[in-house]
Amino acid sequence: MNARSRERRYWCERAWLGGDAPEPGVLLTVDARGRLASVAAADTPPADAERLTGLTLPGMANAHSHAFHRALRGRTHTGGGSFWTWRELMYRVAERLDPDSYHRLARAVFAEMALAGVVCVGEFHYLHHGPGGHRYTDPNAMGHALVAAAADAGVRLTLLDVCYLSGGLGEDGAHLPLAGPQLRFGDGTVGAWADRVAAFTPRGAHARTGAAAHSVRAVPAADLPRVAEFADGRGLPLHVHVSEQPAENAACLAAHGLTPVRVLAEAGALTERTTLVHATHLTDADVDTVREHGSAVCLCPTTERDLADGLPRTGDLVAAPHRVPLSLGTDQHVQSDLFEEARAVELHERLRTHRRGTLGSGALLRAATTAGHAGLGWHDAGALLPGARADLVNVSLDSVRLAGADPERATDAVVFAATAADVRHVMVDGEWTVRDGAHTRLPDTASELDSVIKELL
């Protein structure tokens, strides 16, 4: 059997090819490697093509995830407090996980993402070691658990291995030692972190490694250049939490006389492969610095509003001529719904500026697809183009949420009104992970989530 005989064809009633509106009648050919062999206009479906009604999108990328935070959904949203009080509850979950339970939890969390149209996850991974910081026999056991979970859930993974050396910045500007559950996060020195990451080889072509510095609170300024050099020397994406909270900025200014963005810039950590996560409280100079260095920003609106972080300066970041690439993440998984994250980017900016229309549906979909994949190192994914990975998300347009939508403006309808429940089919690298709203490998994802979370808590 030759390669062409193994090709499969899918006729999309409407497909988004990267513009501001969908295209009607698009024929996609998927080759035996799980790549798009061709993307062509077709008014009517060929007899040998499967019909995909509704709107078909490229697969979406969740560029910032902490899988174990999913255990807290519905448990931490009321009763006052702040990011810092929420963090103490999160630490309690971190204390209880081991490689087996983390694998089971992450497998179900990744499957929930797949049901929502996510085909690739950037897992910001800092839960490395056992209780008290004791090393597992394999010091990358937790990382391997996450890679295996992604394989089981049928999604790709960039494991963003986090350097985490300090417990924060004290009032005197000095870095605090790791304590309590934080001991599980640290490798002791930046050299030990780099050695552990260099020794890690993900099992399977679905997974890749990236690098991360948790924050300027958790990585001393003197160590940041080594983290940046490690990432740069291997061509890895580098992700960093930046200016999520005003208290972080105040502590950084007290310690260094600089904002977190300037600390990163002086450390050589701002490049075109850098993604700054949250970037909520930036100064004018910070915005200019990010733009000048060509770095990207990952916004996680449902988390940022749940934790009362604030509203980022989205319009300033995307202003011409040096537009900052935006990607999207679900972070603590208040929801697993990139449609909600995408529209919240625009709607939050409307609240901040009292103006509508900073970002249209095309720009928001690019954040969820092309930009997200690029920020995770998958430059051959996130678009319906010949040669790209065959990642498809088929969205029904006949639900009560989308009834009456104008088909010629289906992208507007989906971005501003759809939910994860409207995702019908999901293909990853040419294989169906979700069919008719059900996960093909974990058909009872809800039960899986329920059982493992109840065991933990």
Side-chain angles (χ1 to χ4, degrees), residues 84 87 124-129 133 135 139-140 159-200 209-283 285-286 288-290 292-297:
W84 307 102
R87 190 178 70 162
F124 200 88
H125 170 53
Y126 55 82
L127 186 52
H128 300 306
H129 306 298
R135 303 309 192 252
N140 284 301
L159 191 73
L160 298 162
D161 198 295
V162 177
C163 184
Y164 201 127
L165 304 176
S166 162
L169 284 165
E171 294 182 0
D172 60 355
H175 280 272
L176 304 173
L178 298 175
Q182 293 176 333
L183 293 168
R184 302 192 68 175
F185 309 159
D187 289 290
T189 67
V190 68
W193 166 80
D195 289 344
R196 182 179 54 74
V197 179
F200 177 68
T209 303
H214 181 272
S215 59
V216 297
R217 292 180 286 108
V219 181
D223 291 316
L224 284 169
R226 178 76 183 277
V227 176
E229 289 164 8
F230 179 87
D232 185 61
R234 289 163 174 75
L236 302 178
L238 175 64
H239 288 223
V240 192
H241 289 137
V242 171
S243 295
E244 182 177 3
Q245 287 284 325
E248 175 187 324
N249 284 6
C252 189
L253 284 167
H256 306 295
L258 299 169
T259 64
V261 165
R262 288 306 311 169
V263 170
L264 293 170
E266 295 203 357
L270 292 186
T271 73
E272 292 181 353
R273 287 194 302 275
T274 303
T275 295
L276 305 178
V277 183
H278 303 303
T280 309
H281 300 281
L282 302 185
T283 65
D286 289 340
D288 291 340
T289 299
V290 175
E292 289 164 6
H293 286 78
S295 299
V297 167

Report yes if the side chains of [X] and [Y] come closer than 4.5 Å at any heavy-atom pair, otherwise no.
| X | Y | answer |
| --- | --- | --- |
| Y164 | V219 | no |
| T274 | H293 | no |
| V240 | L224 | no |
| D232 | R273 | yes |

Parallel, tilted or perpendicular: which fits the ring planes of H214 and Y126, with parallel below 30° and perpendicular above 60°?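 It falls in the perpendicular class, over 60°.
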Evaluate the side-chain contact (heavy atoms from CB on, under 4.5 Å) criterion for residues L160 and T275: first the C-alpha distance (whole Å), next the side-chain angles of each, then the deciding distance (0.1 Å), finally the verdict. CA-CA 11 Å; L160 298 162; T275 295; over 6 Å; no
Step-by-step side-chain contact (heavy atoms from CB on, under 4.5 Å) determination, D223 to W193: CA-CA 11 Å; D223 291 316; W193 166 80; over 6 Å; no
Taking atom [atom1] of [X] and atom [atom2] of [Y], what is their separation to the nearest 0.5 Å?
| X | Y | atom1 | atom2 | value |
| --- | --- | --- | --- | --- |
| H128 | F200 | NE2 | CZ | 10.5 Å |
| L264 | S215 | CG | OG | 9.5 Å |
| L178 | L165 | CG | CG | 7.5 Å |
| R262 | H256 | CZ | NE2 | 13.5 Å |
| S295 | L276 | OG | CG | 5.5 Å |
| R217 | S166 | CZ | OG | 9.0 Å |

Test item: side-chain donor near acceptor, D286 and T289, under 3.5 Å: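 Looking only at side-chain atoms, T289 and D286 do not form any donor-acceptor pair under 3.5 Å.
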Between N249 and S243, do the side chains contain a donor N or O and an acceptor N or O under 3.5 Å apart?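 Side-chain D/A pair, S243 to N249: present.
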Locate the shortest heavy-atom distance separating [X] from [Y]; write the atom from each residue and the value.
| X | Y | value |
| --- | --- | --- |
| T209 | L236 | O-CD2, 3.3 Å |
| V216 | C252 | CG2-SG, 3.9 Å |
| H129 | G186 | CD2-O, 3.1 Å |
| P225 | A222 | CD-O, 3.6 Å |
| A213 | V162 | C-CG1, 4.3 Å |
| P260 | V242 | CB-CG1, 4.3 Å |

side-chain contact (heavy atoms from CB on, under 4.5 Å) for H241 and F124? Distances and angles first, verdict last. CA-CA 10 Å; H241 289 137; F124 200 88; 3.3 Å; yes
Matching residue for F230 among D161, V190, L238, V197 - test: side chain to side chain contact (heavy atoms under 4.5 Å, CB included):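 Running side chain to side chain contact (heavy atoms under 4.5 Å, CB included) over D161, V190, L238, V197 with F230 returns exactly one hit, V197.
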Check: N140 side chain, R196 main-chain N or O, donor-acceptor pair, under 3.5 Å: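 Looks like yes, one N/O pair under 3.5 Å.
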Using side-chain contact (heavy atoms from CB on, under 4.5 Å), reason through L169 and H175 one step at a time and then give a plain yes or no. CA-CA 5 Å; L169 284 165; H175 280 272; 3.5 Å; yes
